[in-house]
Amino acid sequence: MIARLSRRALLGSAIAAGAAMIAAPAMAQNIKIGAFLAVTGPASFLGDPEAKTLKLYAEKINSAGGVLGRKIEVIVYDSAGDAKQATTFAKRLIEDDKVDVIVGGSTTGETMAVVPLIDEARIPFISLAGASVIVEPVKKWVFKMPHSDRMAVEKAYIDMKKRNLSGVAIIGGSGGFDQSCRKEAQALAPKYGMKVVADETYAPTDTDMTTQLTKIKNTAGVQAIFGCGFGSVTSITARNYKQLGMSTPFYFNHGVGSQQFIDGAGGGAEGVRVPVAALLVAEQLPAGDPQKKAALDYGAAYKTAYKEPISTFGGHAYDGLQIALDAIKRAGSTDKAKVRDAIEQTKNHVGVDGTYNMTPADHMGLTLESFKLVEIRNNTWKLLE
Amino acid sequence: MSLLRVEGLSKLFGGVHAVAELSVAIEPGRIHSVIGPNGAGKTTLLNLVTGIYQPSQGRILMADEDVTALSTAARARRGVARTFQNLQIFFNMSAVENVMVGRHLHLSDRLVPTLLRLPSVMRANRAAQEKAVELMRFVGLAAYLDAEADAMPYGALKRLEIARAMASEPRLLLLDEPAAGLNPKETGEIDELIQKIARAGTTVVLVEHDMKLVMGVSDHILVLDYGRRLAEGTAAEIRANPDVIRAYLGTQAA
Amino acid sequence: MLRLASARTGGLVALAAIVAALPLFFPNNFYYDVAIKTALNAIVCIGLNLLIGYAGQISLGHAGFFALGGYASAILTARYGWPGLLAMLAGAVGVGLLAFAIARPVLRLRGHYLAMATLGLGIIVAIIINREIAITGGPDGMTVPRLWVGGWRVSGAVAWYWVAAGALLLAVWLSLNLIDSTLGRALRALHGSEIAAQTAGIDTTRYKVLVFVISAVFASLAGSLFAHAEGYVTPIEAGFLRSIEFVTMVVLGGMASTFGAVAGAAILTALPQLLTVFQDYKHLVLGAILIGVMIFMPNGLVPSVALSLRRLRPPVPAS
Amino acid sequence: MTKSAAVRHAELGTASVAEFLQFLFSGITVGAIYALVGVGFAIIYSASNVINFAQGEFVMLGGMATMFLLSGGEPLWLAALLAIVITAAIGLALNKFAVEPAAHRRGGGASVVTLIIITIGASIFIRGAAEVLLGKDSHRLPAFSGDQPIDIFGAKLDPQVLWVLGALALAVVGLRWFFARTRLGKAMLATSCNRLAAELVGIDVRMILLASFGLSAALGALAGILTAPITLTRYDIGIMLGLKGFCAAILGGLGSPFGAVAGGLLLGIAEAMAAGYLSSAYKDVVAFVIILAVLFLAPGGLFGAKATERV
């Protein structure tokens with residue numbers, strides 16, 4: 001059966017691919033938004049909600065009449081978080097699909113790998129990845145949406161300082177997201193009067209972190225633990241933390257901002273503090289908070305469409321899309337240089353991640369205020385501020 | 001001076017002597033045969049001589065030089081070639097290429113000229129090919145000059161191994177059951193071939209079960225039983241030797 | 001032999017013609033990008049095919065050599081200001097020496113144990129590249145400066161296409177030369193029967209080491225070119241999934257066939273681009289294609305196609 | 001502050017014992033998982049000389065299918081049982097529709113490398129199917145006997161690990177019985193020793209191959225179910241588990257299920273000890289260096305048979 005299936009699939013793929021290549025430049029008046037995202041692979045928990053969000057809002061916006069009287073068309077390719085595939089897909093978006101703006105790059109590695117291409121092609125690019133290195137130093141055509149890992153570290157350190165905790169143990173994975181966060185945690189420690197007294201690493205595919213946590217537990221002077229990471233491995237870390245009966249205040253970076261983290265930890269996440277985008281705690285925001293409505297609306301729309309809990313990562317894609325379209329509206333065209341300038345001039349744009357104020361020197365445009373510190377209580381997020 | 005001499009040679013497999021305290025001398029220019037019942041240690045002896053096995057005890061000398069510690073390839077360089085009871089054909093090559101591999105020791109294999117395909121390499125290649133074709137005709141494989149090895153019948157493959165072994169221009173050629181699995185006509189042809197090889201000056205050691213073949217071609221016969229020398233001599237002497245008769249017939253009669 | 005020689009030249013000429021004509025069909029730079037990646041993967045596969053297809057020794061760690069070449073170029077040019085070609089050469093020599101050093105103990109192993117050992121070595125390389133952030137940039141990778149050849153800055157898809165295509169043709173030529181030689185026959189012989197090869201006077205260990213080093217150097221050079229062409233290199237290039245991808249290319253295209261290695265690389269490099277039409281089902285389809293090809297063409301694409309072509313032609317009477 | 005040196009020393013001593021035990025438990029936890037996966041590799045290799053790179057996918061399927069059935073309202077035991085049956089059926093199908101057609105083609109079967117690529121294709125296919133049908137989220141199955149850790153000399157053991165170890169012991173005993181006492185088991189051993197001879201004495205080699213895929217798929221699914229409360233499960237967890245299981249099987253010596261168990265535990269404990277006493281960042285390097293060292297000393301793995309060639 002598989003044999004027959006594969007023969008037909010081969011034929012089908014050849015025909016379909018041929019058709020796709022021929023039928024490329026048909027509808028010129030659509031506004032084309034290109035995206036390469038880690039829809040599958042180890043970072044799929046980032047790329048999957050991002051892709052879903054882009055598709056959902058493309059439909060919504062089109063049924064509301066589109067932008068500048070033109071329909072928008074979202075083209076998403078799955079990079080699997082692999083830089084080599086990302087560069088090919090970025091090239092395809094630019095050269096073959098002739099998109100007007102690129103939103104995407106779920107991970108820092110794939111984002112940075114396409115930056116040389118973006119520079120050459122002179123096309124506005126809004127990254128959905130976390131590391132500060134993406135916009136520092138500023139690159140003319142490159143913007144990014146999520147709060148940087150540096151902000152997550154700052155948020156956590158400020159809270160630790162409030163609680164008079166100064167000895168920090170870092171535990172994190174060996175992946176790019178984790179390492180970037182770890183680097184910031186090391187670098188920012190002196191500024192906030194913190195001292196990193198332990199630093200433990202695990203592989204992203206590890207299944208038991210009790211060894212690393214035991215070492216932290218037995219290190220003198222550890223007053224708080226800061227976790228850098230994302231995915232199921234963070235759940236296992238929290239679960240092992242509980243298994244070892246540890247009570248040291250535990251912080252995580254914003255990579256754990258999804259219900260999966262809490263569920264996977266089997267109660268181990270209780271009491272863990274996490275800086276997250278306001279999206280996760282939209283209901284708890286005070287009525288006057290400008291983000292509240294945007295976050296609630298997005299959350300409701302996503303849940304209705306996909307019947308699954310929201311994550312903050314989908315929110316980055318939402319903001320990226322909105323900022324790109326807003327800039328196209330203000331530019332009055334899809335002229336790449338004009339759109340780029342308009343993105344750079346984004347002012348008081350209320351997104352689910354916060355209020356964006358871009359400048360030529362700041363291609364992220366978020367401040368610490370839009371980042372919320374939450375604690376996990378009764379298996380859900382509790383806003384602390 | 002013996003071409004090959006083994007002294008006090010023993011090989012143990014898990015406590016069992018496959019070859020036990022064997023001392024034999026092979027004189028140049030003759031056809032020697034090694035016979036004996038199954039499990040007598042004939043193939044083990046060939047494996048020891050070619051260095052595929054390391055002996056448990058004893059020495060192997062070639063032209064009075066101790067080669068016991070040398071690798072198989074190093075012994076080949078000293079003029080030993082062989083064929084195999086279980087065919088060891090390079091099935092991933094053509095018949096001609098199989099024989100060309102046999103020329104290995106006579107060809108240069110320097111990397112840079114090879115990679116750049118310098119004229120010298122191409123000349124050597126052509127010469128090796130011509131020699132291989134000549135050898136294939138010599139062993140009676142003229143019909144298979146264009147064949148892939150994996151498309152040839154069993155009998156032809158036996159000859160191909162002989163051609164490959166001859167390609168190295170050995171001083172000593174070890175043939176491990178060249179007639180096994182062949183019909184009487186083919187066996188007769190092998191008989192002629194062995195004599196042709198010996199006439200051309202190569203010393204032959206023949207391990208064989210086919211008594212008609214052995215008795216017909218051998219100048220000298222060694223009989224092994226349980227890894228030990230049972231008898232040695234000319235065909236007539238062996239035929240008349242009571243120990244040999246007992247070893248062969250006795251086991252069958254019992 | 002005559003037939004073989006003509007197939008050899010004919011194949012090379014045909015490949016050169018394809019390479020020269022392809023740009024006529026490329027509507028834009030994206031196609032060049034896929035072609036460049038195909039060519040560079042093919043170079044790795046040609047080297048790997050010498051090892052796996054001809055010498056019969058498996059390696060599940062060649063991505064390690066590829067990445068080492070890439071990172072040698074990246075680090076020496078970006079951090080130490082070396083000229084690109086010199087860095088590439090240094091990388092190749094370094095990788096060659098490394099391969100030489102590990103080849104003897106590793107190649108004593110056989111079959112799956114050899115696969116395990118090479119897999120382990122590749123993974124060790126990947127982990128070290130991943131962890132030594134100060135030198136390699138860590139998991140996020142590092143930027144690689146453009147390649148200068150003499151006074152020419154190799155930049156842009158078209159330029160890189162010709163560089164990669166030239167390198168590919170050179171690799172094919174070298175590989176074909178190697179195979180049809182004493183050396184190449186020795187390699188194939190040790191695959192066919194190691195004992196018979198030794199009996200023919202072939203020092204099998206020496207040849208295993210030699211072919212391992214050659215294939216590692218091929219991978220290293222391709223890695224260097226890749227780093228410069230992309231302008232960026234990440235540790236994923238060293239990962240074991242990449243190594244398995246290379247082996248899959250070789251087997252799919254056809255073991256013991258230089259053109260098979262090229263075909264395998266071309267198909268598996270282009271396939272992800274073609275499979276985007278299946279969207280969520282792309283992995284399903286990719287898996288099915290792999291299974292299907294291997295069932296119906298167990299010797300790989302090129303040898304199977306060549307065989308059926310030969311069967312179509314009337315047999316040549318033996319002279 | 002004024003504690004005597006002796007007391008402090010004693011405290012340090014018990015602390016380091018507890019620490020060592022904790023590392024050991026950690027090692028056993030992951031090692032037992034590797035071992036269970038490794039056994040699956042060993043069984044198929046025994047029967048067919050094929051390394052089944054889809055073995056990790058069986059483990060994933062066990063966990064994911066159980067999760068899916070649980071969410072459909074089945075009780076845990078039933079969900080687990082069904083998941084094992086489903087996975088075994090998929091294992092049989094993999095053999096029937098992908099491996100067998102290639103292995104038994106007219107004019108000689110496919111080479112071992114070809115069969116390996118087929119199993120790689122199958123793993124991509126199964127993973128792709130799971131991605132589409134079951135989604136990309138990670139899931140945790142409830143622990144079988146609660147989350148309350150067991151305290152042993154100050155070190156904490158996850159009770160779920162006892163389930164894994166129990167299954168491992170049962171698998172070892174069961175397989176030993178299977179190979180020594182049952183017709184099918186003996187036939188499998190005979191096939192692995194000499195395929196041709198087995199065929200000549202009337203053993204249906206195709207049947208053996210089929211049985212080995214079914215058995216190792218079922219065992220893989222069991223591993224996936226038992227470990228999902230510890231490792232969580234996800235559509236792509238099979239890649240890592242497959243890799244580590246392969247390492248375990250090789251380290252122990254291919255074709256020996258008991259070797260795979262030893263290899264898995266050794267690998268897990270080596271990783272934990274390396275992370276604990278050397279460097280957690282380089283623990284995997286240490287583990288692979290150990291594997292390489294073992295292979296250099298014992299080229300057929302720890303319990304592998306030495307292969308000799310007859311000429």
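Here is how names work: the chains are called A, B, and so on, in the same order as the sequence lines, proteins then strands, and each is numbered from 1. Remember, it's a predicted structure, so these values are computed and weren't measured experimentally.
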Handout entry: Leading residue by heavy atom contact count with chain C [cutoff under 4.5 Å; candidates D:V289, D:L243, D:I291, D:L251]
Key = D:L243
Handout entry: Greatest number of heavy atom pairs closer than 4.5 Å to chain C - which of D:G128, D:C247, D:A281
Key = D:A281
Exercise for the section: Provide the closest heavy-atom pair for D:I124 versus C:H283 in the form atom of the first, atom of the second, distance. Expected result: CG2-O, 3.4 Å
Fill in the blank from the handout: For C:L284 and D:A129, the nearest pair of non-hydrogen atoms, with its separation, is CD1-N, 3.0 Å
Handout entry: Ring-ring centroid check D:F246 C:H112, cutoff 6.0 Å
Key = no
Practice task
Pick one of side chain, backbone, both or neither for D:V132, based on which atoms fall under 4.5 Å of a heavy atom in chain C.
Solution key: side chain
Is there a side-chain contact between [X] and [Y], using heavy atoms and a 4.5 Å cut-off?
X: D:I120; Y: C:I244; answer: yes
X: D:I239; Y: C:F240; answer: yes
X: C:R108; Y: D:P299; answer: yes
X: D:F296; Y: C:V106; answer: yes
X: D:L292; Y: C:I124; answer: yes

Exercise for the section: Can you tell which part of C:L241 gets under 4.5 Å to a heavy atom of chain D, answering side chain, backbone, both or neither? Expected result: side chain
Handout entry: Under 3.5 Å donor-acceptor, C:Y113 side chain and D:L254 backbone
Key = yes
Fill in the blank from the handout: Counting heavy-atom pairs under 4.5 Å with chain D, the top scorer among C:I52, C:L121, C:L109 is C:L109
Practice task
Assess whether side chain to side chain contact (heavy atoms under 4.5 Å, CB included) is satisfied between C:L290 and D:F125, documenting all intermediate values.
Solution key: CA-CA 9 Å; C:L290 272 186; D:F125 184 86; over 6 Å; no
